[in-house]
Amino acid sequence: SFLELDTLGISKEANDLLINYLTQINESIESNDLYSSLKKGEIENFIFKFKRLLFIPSYFDITKSDRERVFHIFLLGILEGRLNNYINKSNKESGFGRYDICLNPVDNRDPGVIVEIKKVKEDSKDEEIQLELNSAIEQIKSKNYSFELREDGVKKIVYISIVFNGLVPNLKWIFQE
């Protein structure tokens, strides 16, 4: 509950208006807050908010030839601005390869996140998309991209594969404890 301001000589109408305004700001912040979902272990809520971010760019902002790279850079920038309690890394070596994006929590009790981004042709069938999603998750596991996180003492890790079919993001994720 917000502060009652009538002790400051503000009318009830002004107080109600201010409380309504602050409530809307708070709801807006919460709806876009990725960190609290991760901190609370609400991985499905995190994935829901994460996926919403992927619908921001316009079809005209991204050419077909470099969609994977542009989405990678876009997503990295968005995450940098929204996850202050994480060290965001891109294309770094870990394990036996290079992950696309790694979110290393400042507090190693929070979950880490590894993201692998792929693209398929716009006319790809669902089976092809699912194969690519599974392949990206398997790549994260088999190449041991979580090595750096584990070395830093992170015990809970979310693996996310993103496969773009044109501008449509398809996600698969698993949570490792």
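We use all heavy atoms of the structure for the numbers below, so side chains are in, but hydrogens, waters and symmetry mates are not. Remember, it's a predicted structure, so these values are computed and weren't measured experimentally.
- Between Tyr86 and Pro111 there is a side-chain heavy-atom pair separated by less than 4.5 Å.
- Of all the heavy atoms in Phe175 and Val158, the pair that sits closest is CD1-CG2, 3.6 Å.
- No side-chain heavy atom of Ser161 sits less than 4.5 Å from a side-chain heavy atom of Val115.
- For the residue pair Lys49/Ser37, the side-chain donor-acceptor check at 3.5 Å is satisfied.
- Counting heavy atoms from C-beta on, the side chains of Asn108 and Asp152 never come closer than 4.5 Å.
- Counting heavy atoms from C-beta outward, Lys141 and Ile174 have side chains that approach closer than 4.5 Å.
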Between Glu138 and Lys143, is the side chain to side chain contact (heavy atoms under 4.5 Å, CB included) condition met? List the steps. CA-CA 8 Å; Glu138 188 53 40; Lys143 300 225 179 223; over 6 Å; no
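- No side-chain N or O of Lys172 forms a donor-acceptor pair with one of Gln130 less than 3.5 Å apart.
- There is no path of hydrophobic side-chain contacts, each under 4.5 Å, that joins Ile117 to Ile137.
- Trp173 and Tyr159 end up in different hydrophobic clusters when Ile, Leu, Val, Met, Phe, Trp and Tyr side chains are linked at under 4.5 Å.
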Check against side chain to side chain contact (heavy atoms under 4.5 Å, CB included), Ile114 and Ile160: CA-CA 6 Å; Ile114 297 174; Ile160 302 174; over 6 Å; no
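- A heavy-atom distance below 4.5 Å is not found between the side chains of Leu103 and Ile87.
- In terms of modelled atom types and a separation under 3.5 Å, the side chain of Ser135 and the main chain of Leu131 share no donor-acceptor contact.
- Considering only heavy atoms from C-beta on, Leu38 comes within 4.5 Å of Ile43 through its side chain.
- Two residues are said to be in side-chain contact when any heavy atoms from C-beta on lie closer than 4.5 Å; Leu133 and Leu171 fail this criterion.
- Lys156 contributes no side-chain N or O that, together with a main-chain N or O of Asp110, makes up a donor-acceptor pair within less than 3.5 Å.
- Inspection of the Asp107 and Asn85 side chains reveals no N or O donor paired with an N or O acceptor under 3.5 Å.
- Residues Ile162 and Phe50 have side chains in contact (heavy-atom distance under 4.5 Å, counting atoms from C-beta outward).
- Minimum heavy-atom separation, Phe96 to Ser142: CD1-O, 4.0 Å.
- Using a 4.0 Å cut-off between a side-chain N of Lys or Arg and a carboxylate O of Asp or Glu, Lys118 and Glu116 qualify as a salt bridge.
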Could you walk me through whether Ile129 and Asn165 satisfy the side chain to side chain contact (heavy atoms under 4.5 Å, CB included) test, starting with their C-alpha distance in whole Å, then the side-chain angles of each, then the deciding distance to 0.1 Å, before giving a yes or no? CA-CA 8 Å; Ile129 295 168; Asn165 178 12; 3.3 Å; yes
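- Side-chain N/O atoms of Tyr99 and Glu148 include a donor and acceptor closer than 3.5 Å.
- Within the 3.5 Å criterion, the main-chain N or O of Arg98 finds a donor-acceptor partner in the side chain of Tyr145.
- Heavy atoms from other residues, nucleotides or ligands lying under 6.0 Å from CZ of Phe48 number 12 at most.
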Could you check Asn144 against Ser94 for side chain to side chain contact (heavy atoms under 4.5 Å, CB included), going step by step and ending with a plain yes or no? CA-CA 7 Å; Asn144 196 23; Ser94 182; over 6 Å; no
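- Hydrophobic clustering keeps Ile157 apart from Leu83 (ILVMFWY residues linked when any side-chain heavy atoms are closer than 4.5 Å, directly or through intermediates).
- Expressed to the nearest 0.5 Å, how far CD of Gln176 lies from NZ of Lys155 amounts to 14.0 Å.
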